[in-house]
Amino acid sequence: MSTSISTSGADEMAVVAPNLESTAITQASHAPQVEDENMSSDDDVPLKKKTNGAGQKRAGGGGSSSSDDEKPLSKKPRTSTGAAAKKRRIIASDSEESDAGPSVKKELAPTPKTNGASKPRSSNAKKEISYSESDLSEDERPLAKKKATPKGAPVTNGNGKPKSKPKKPVTSESESEPSPSEESSEDEKPLAKKKPAAKPRKSASSAVATPATKKKTTIVKAEVDSDDDEVPLAKGKGAKGKSKVEDKKPIVKKEKKVKEEEEDEDKFKWWEQQEALGDGEVKWTTFEHNAVLFPPPYIPLPKNVKMKYDGVPLTLPPESEEVAGFFGAMIETDHAQDAKFRENFFRDFKGVLEKYPPKEDVKVKTLEKCDFKPMFEHFEREKEKKKAMTKDEKKAIKDAKDKMEAPYLFAMVDGRKEKVGNFRAEPPGLFRGRGEHPKKGTLKHRLRPEDIVLNIGKDAPIPKANIPGNWKGIQHDNTVTWLAHWKENVNGNAKYVFLSAGSSWKGQSDRAKFEKARELIKHVDKIRKDYTEDLKSKVMADRQRATALYFIDRLALRAGNEKGEDEADTVGCCSLRYEHVTLSPPNKVIFDFLGKDSMRFHQEVEVDNQVFKNIKLFKAEPKKKGDDLFDRLTTTLLNKHLNSMMPGLTAKVFRTYNASWTFQQQLKNTPKNGTVAEKIAAYNTANRDVAILCNHQKTVSKGFEASFAKAEDKIRALKYQRMKLRLQLFSLDPKIKKKRPELAEDESDLDEDFFERHETELMEKALDAARKKHEKDNVKLEEEGQSKKGKADLDERLKEIKAEFKELKKERKSKKVEPRKGATDEKLLEQIGKMDERIATARVQLEDRDKLKDVALGTSKINYIDPRLTVAWAKKYDVPLEKLFSKTLREKFPWAEAEADAKWVF
DNA sequence: ACTACAACTTAGAACCGCGGTA
DNA sequence: TACCGCGGTTCTAAGTTGTAGT
């Protein structure tokens with residue numbers, strides 16, 4: 001542990017996760033203040049006061065069971081049998097590298113009764129609860145007062161620029177559209193070049209231009225689609241028109257040799273520009289794209305494929321058949337077993353059937369009587385067919401698809417070609433909400449152009465949809481980066497089409513994110529000092545905020561906004577409730593709750609004494625299950641405070657900062673002289689530590705258990721071989737037992753049960769091989785015109801084999817193994833040594849696999865770890881970058897590759 | 001202040017294709 | 001020669017943050 005002690009003086013604070021234990025100790029020593037005393041006494045009990053509608057239960061509750069803690073409340077609490085059980089997540093049993101970051105011991109032991117799944121959730125509003133005066137002086141008033149800071153100041157966005165942008169709701173209004181004129185004029189130059197001076201001026205003017213000009217957003221009715229939309233990306237803005245997908249660029253300075261190089265130079269290297277580009281209001285001046293690609297219309301199933309109801313095949317109109325098919329395709333998944341999912345699906349299915357009933361006069365009343373198997377089997381057959389297609393057929397299909405998609409792949413931004421991300425309109429289907437989402441199973445409607453609003457350059461041609469219909473609206477807002485947007489029917493959430501992760505827009509903001517996290521390094525000492533102080537604040541709101549911040553910093557919790565009743569009940573720091581945190585004296589806190597995506601966060605953590613006391617206080621009477629732990633705190637308040645400590649600082653920055661910092665620290669364990677594989681292993685270990693810190697999980701794949709067991713047996717098989725070698729050695733040279741007593745020890749892990757199994761297996765294999773050989777020989781003999789060997793011959797051979805194995809078994813039992821011919825002490829010893837090595841590496845691999853089975857490395861690599869750390873590390877240790885970053889990742893982080901050398905530090 | 005909305009980042013599951021292999 | 005495990009990619013759900021409207 002503590003790789004961290006090293007380095008600078010900044011250490012103590014800067015190092016992430018200064019071990020909580022030590023902190024606790026130091027803290028404990030000083031400052032017992034009046035209120036502390038009080039606290040331990042009565043006073044943990046704030047005055048009882050209003051309680052409001054606290055107890056209110058959430059409906060579905062599903063929790064059924066808070067019953068046993070062993071249960072992964074997270075995923076599919078489904079009652080169902082094996083399948084669900086197998087998927088269960090396992091809490092890491094130890095953290096070994098204790099040092100990893102905000103060190104927290106993963107808990108080993110089961111825990112108290114709290115259960116993240118327990119439902120009672122009070123109403124959304126923060127309830128206010130009063131705390132006793134003895135404890136906290138002022139502050140009867142909850143969230144209101146204090147915060148002397150930016151009182152009168154206008155709302156700014158950190159740059160001091162007013163950030164206003166009254167947005168017009170998307171109406172079908174016709175437009176009025178005045179003039180972003182000045183912009184377009186002065187703007188021939190790509191955004192990049194702008195002098196900084198230009199920025200303020202612009203945004204100022206646009207902000208001022210207010211109502212009349214209604215900024216740069218205009219929304220027009222979609223009736224367009226008439227004019228020149230044949231020409232997609234091309235035209236508009238003369239010059240730029242030419243870079244069509246396929247054509248090569250003529251211009252540019254010198255002629256390049258290789259094509260690839262050409263493309264390369266073609267890419268916009270925004271990071272080489274002098275000024276920051278991303279932080280302006282205006283994101284583009286010209287913007288062309290082809291909007292979204294709608295999925296093909298529904299194709300009815302063959303006539304002979306029908307779902308059955310109560311045994312009767314139903315002839316469904318395409319509209320209802322499609323919906324039946326959505327479910328039919330899923331009947332073997334966990335979703336289809338889920339009560340809520342079924343309920344919601346069936347409600348919507350019935351609705352559709354109402355409008356599009358089956359030909360037969362059958363009333364569909366219960367889902368139980370629906371038999372989708374014929375549909376399911378049909379889909380399976382189709383899949384098979386697809387798989388069985390020849391290469392050429394597959395290729396033909398792929399080519400057709402590529403051609404269809406080609407126009408959507410890229411957008412033109414200020415004359416540059418940029419890759420579009422999710423250009424496909426989401427197809428209809430059943431909503432797959434995570435965890436106990438109350439809406440899961442709900443039918444997601446098919447999108448039409450009428451649902452979709454486009455954001456596109458003023459002079460750009462309006463793209464034509466690939467299915468009939470007119471866009472819901474067109475706007476030209478150059479302060480945002482989305483291409484298209486719609487509202488999804490299930491939850492009413494907005495969906496957007498953006499450029500891809502490799503685009504300059506995304507790249508710039510990504511880089512800015514990491515730069516902000518690095519900026520935090522400079523402030524974190526002070527921030528930690530402050531919140532440590534505030535843990536003792538007399539102002540309840542401050543004390544809660546400090547405590548929350550402590551968790552966000554040390555445990556990398558998310559901010560935790562309030563959520564609605566019609567979403568899964570998950571929480572983050574600020575929304576933690578009474579039941580999510582349990583105290584375990586003297587100074588441990590046990591967290592057990594469902595976080596984003598309903599992933600369980602279950603950790604036992606040692607905390608500062610003051611934090612312990614605070615939690616006790618926050619949980620004191622009259623608070624109860626369902627109440628907010630931090631009843632005086634919201635994410636807004638927290639972020640406001642953070643922003644006052646460092647411009648632009650918000651809760652999520654801590655996650656980025658802690659993740660990257662931890663990674664950097666852990667990378668110091670890289671073996672300087674190791675092989676590439678060893679170095680990569682060290683890299684992955686560091687990555688894993690970060691993933692654990694951030695609680696990034698994945699479901700254990702269903703085959704895992706089996707394949708793990710198999711791998712264990714393989715190791716045992718190696719040990720078995722080793723044993724045989726040893727015994728040979730002893731027969732050859734009995735004295736060696738004395739000289740090398742360690743060799744006399746039996747292999748671990750091998751029991752009678754295994755021997756039986758293994759030997760039988762080996763024998764079966766040998767027998768099989770003999771039979772095959774027999775057949776093969778006969779074929780050969782026949783070809784050569786000779787007479788075949790008879791069955792007796794084979795039987796004879798089989799008998800021999802069986803006898804051999806009997807002998808083997810006897811040898812094993814008697815522990816006397818006849819040395820094979822040519823065996824010598826030296827050779828055997830060498831073989832044993834080799835075997836030891838193989839066993840050891842296999843063991844290590846297996847353990848690694850076990851540790852990673854429920855940890856997802858990708859998310860932290862993609863979102864939290866500054867890519868420049870990877871680039872620098874690769875350079876420093878001479879490991880090819882492509883071993884660390886996949887193609888897409890490299891496309892996402894070109895700026896890191898360009899920027900970081902071997903010495904770069906976070 | 002509080003809610004609703006808008007825009008963007010973060011997230012695990014599902015899907016897909018590839019190379020090893022029984 | 002199909003199977004299978006796995007990493008990479010795609011998909012879209014679920015967060016955070018900031019602003020606007022009331």
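This structure is a prediction, so every number in the text was calculated from the model and none was measured. Chain A is the first sequence line, chain B the second, and so forth, proteins listed ahead of strands; every chain is numbered from 1.
Projected onto DNA chain B by closest heavy-atom contact, D510(A) and T636(A) fall at different nucleotides, the more 5' of which corresponds to T636(A). In terms of position on DNA chain B, the residue among Y496(A) and K386(A) whose nearest nucleotide sits closer to the 5' end is Y496(A). If you find the closest nucleotide of DNA chain C to G572(A) and to R849(A), the one lying nearer the 5' end belongs to R849(A). Checking K652(A) against F885(A), the closest nucleotide of DNA chain C that is more toward the 5' end is the one next to F885(A).
T870(A) has its side chain within reach of F663(A): a pair of non-hydrogen atoms, C-beta onward, lies under 4.5 Å apart. Between R655(A) and N658(A), every side-chain heavy-atom pair lies at or beyond the 4.5 Å cut-off. Side-chain contact between R577(A) and D569(A) is present, with heavy atoms from C-beta onward closer than 4.5 Å.
Rounded to an integer number of Å, the gap from CZ of F431(A) to P of dC11(C) is 18 Å. Counting to the nearest Å, the P atom of dG15(C) and the CG atom of N491(A) are 11 Å from each other. As a whole-Å value, the separation of E761(A) CD from dA22(B) P is 12 Å. Between the NZ atom of K714(A) and the C1' atom of dA22(B) there is a distance of 10 Å, given to the nearest Å. In this structure, K698(A) atom NZ and dG8(C) atom C1' are separated by 13 Å, rounded to whole Å. For the pair R446(A) CZ and dT12(C) P, the computed distance is 13 Å after rounding to whole Å. Going from atom NZ of K395(A) over to atom P of dG17(B) covers 14 Å, rounded to whole Å. In this structure, NZ of K861(A) is placed 10 Å from C1' of dG7(C), rounded to the nearest angstrom.
Within the 4.0 Å cut-off from OP1 or OP2 of dG15(C), at least one side-chain nitrogen or oxygen of T570(A) is found. Between dC8(B) and K283(A), a contact under 4.0 Å exists linking OP1 or OP2 to a side-chain N or O. For dG5(C), neither phosphate oxygen OP1 nor OP2 lies less than 4.0 angstrom from any side-chain nitrogen or oxygen of S701(A). Remark: N561(A) is in phosphate contact with dT16(C), judged by side-chain N or O atoms under 4.0 Å from OP1 or OP2. Dashed line: the shortest gap from a side-chain N or O of R558(A) to OP1 or OP2 of dT17(C) is not under 4.0 Å. The shortest distance between the side-chain N/O atoms of K513(A) and the OP1/OP2 oxygens of dT10(B) is below 4.0 Å. Note on T650(A): every side-chain N or O is 4.0 Å or more away from OP1 and OP2 of dT16(C). Phosphate proximity of dT17(C) to K640(A): absent, as no side-chain N or O sits under 4.0 Å from OP1 or OP2. Using a 4.0 Å cut-off, some side-chain N or O of Y864(A) falls inside it from OP1 or OP2 of dA11(B). The phosphate of dT12(C) (OP1 or OP2) has no side-chain N or O of R434(A) nearer than 4.0 angstrom. Contact annotation: T859(A) does not reach the phosphate of dA11(B) (side-chain N/O to OP1 or OP2, under 4.0 Å). Within the 4.0 Å cut-off from OP1 or OP2 of dC8(B), at least one side-chain nitrogen or oxygen of T481(A) is found. OP1 or OP2 of dA14(B) has at least one side-chain nitrogen or oxygen of H335(A) nearer than 4.0 Å. Under 4.0 angstrom from either OP1 or OP2 of dA13(C) there lies at least one side-chain N or O belonging to K444(A).
Contact check on K698(A) versus D854(A) returns no salt bridge, with no Lys/Arg side-chain nitrogen under 4.0 Å from an Asp/Glu carboxylate oxygen. Under a 4.0 Å N-O distance rule, the pair E891(A)/K419(A) qualifies as a salt bridge. Between K772(A) and E775(A), none of the side-chain N atoms (NZ, or NE/NH1/NH2) sits under 4.0 Å from a carboxylate O, so this pair counts as no salt bridge.
Comparing dA14(B), dG15(C), dG12(B) against the side chain of R432(A) picks out dA14(B) as the nearest. Of all nucleotides listed (dT12(C), dA7(B), dT17(C)), dT17(C) comes nearest to the side chain of A651(A). Closest approach to the S886(A) side chain among dG8(C), dA11(B), dT12(C) is made by dG8(C) (side chain taken as heavy atoms from C-beta onward). Residue H696(A) has its side chain nearest to dG12(B) when only dA7(B), dT12(C), dG12(B) are considered. Of all nucleotides listed (dA7(B), dA13(C), dC11(C)), dC11(C) comes nearest to the side chain of R424(A). The side chain of K506(A) lies closest to dC8(B) when the candidates are dG15(C), dC8(B), dG12(B). Listed candidates were dA13(B), dG12(B), dA13(C). Nearest to the side chain of T699(A) is dA13(B).
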query = Is there a side chain to side chain donor-acceptor pair (under 3.5 Å) between T570(A) and K563(A) once you walk through the steps?
reply = CA-CA 8 Å; T570(A) 62; K563(A) 293 190 71 187; 3.0 Å; yes
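When heavy atoms are screened at a 4.0 angstrom cut-off, G595(A) is found touching the sugar-phosphate backbone but no base atom. Across all strands shown, N639(A) has heavy atoms under 4.0 Å from sugar-phosphate atoms exclusively, and none from any base. Nucleic acid contact for A559(A): sugar-phosphate only, since backbone atoms but no base atoms lie under 4.0 Å from a heavy atom of the residue. As judged by a 4.0 angstrom heavy-atom cut-off over every strand, F498(A) is placed among the base-contacting residues.
The aromatic rings of F345(A) and F327(A) lie parallel to each other, with less than 30° between the two planes, well short of the 60° mark.
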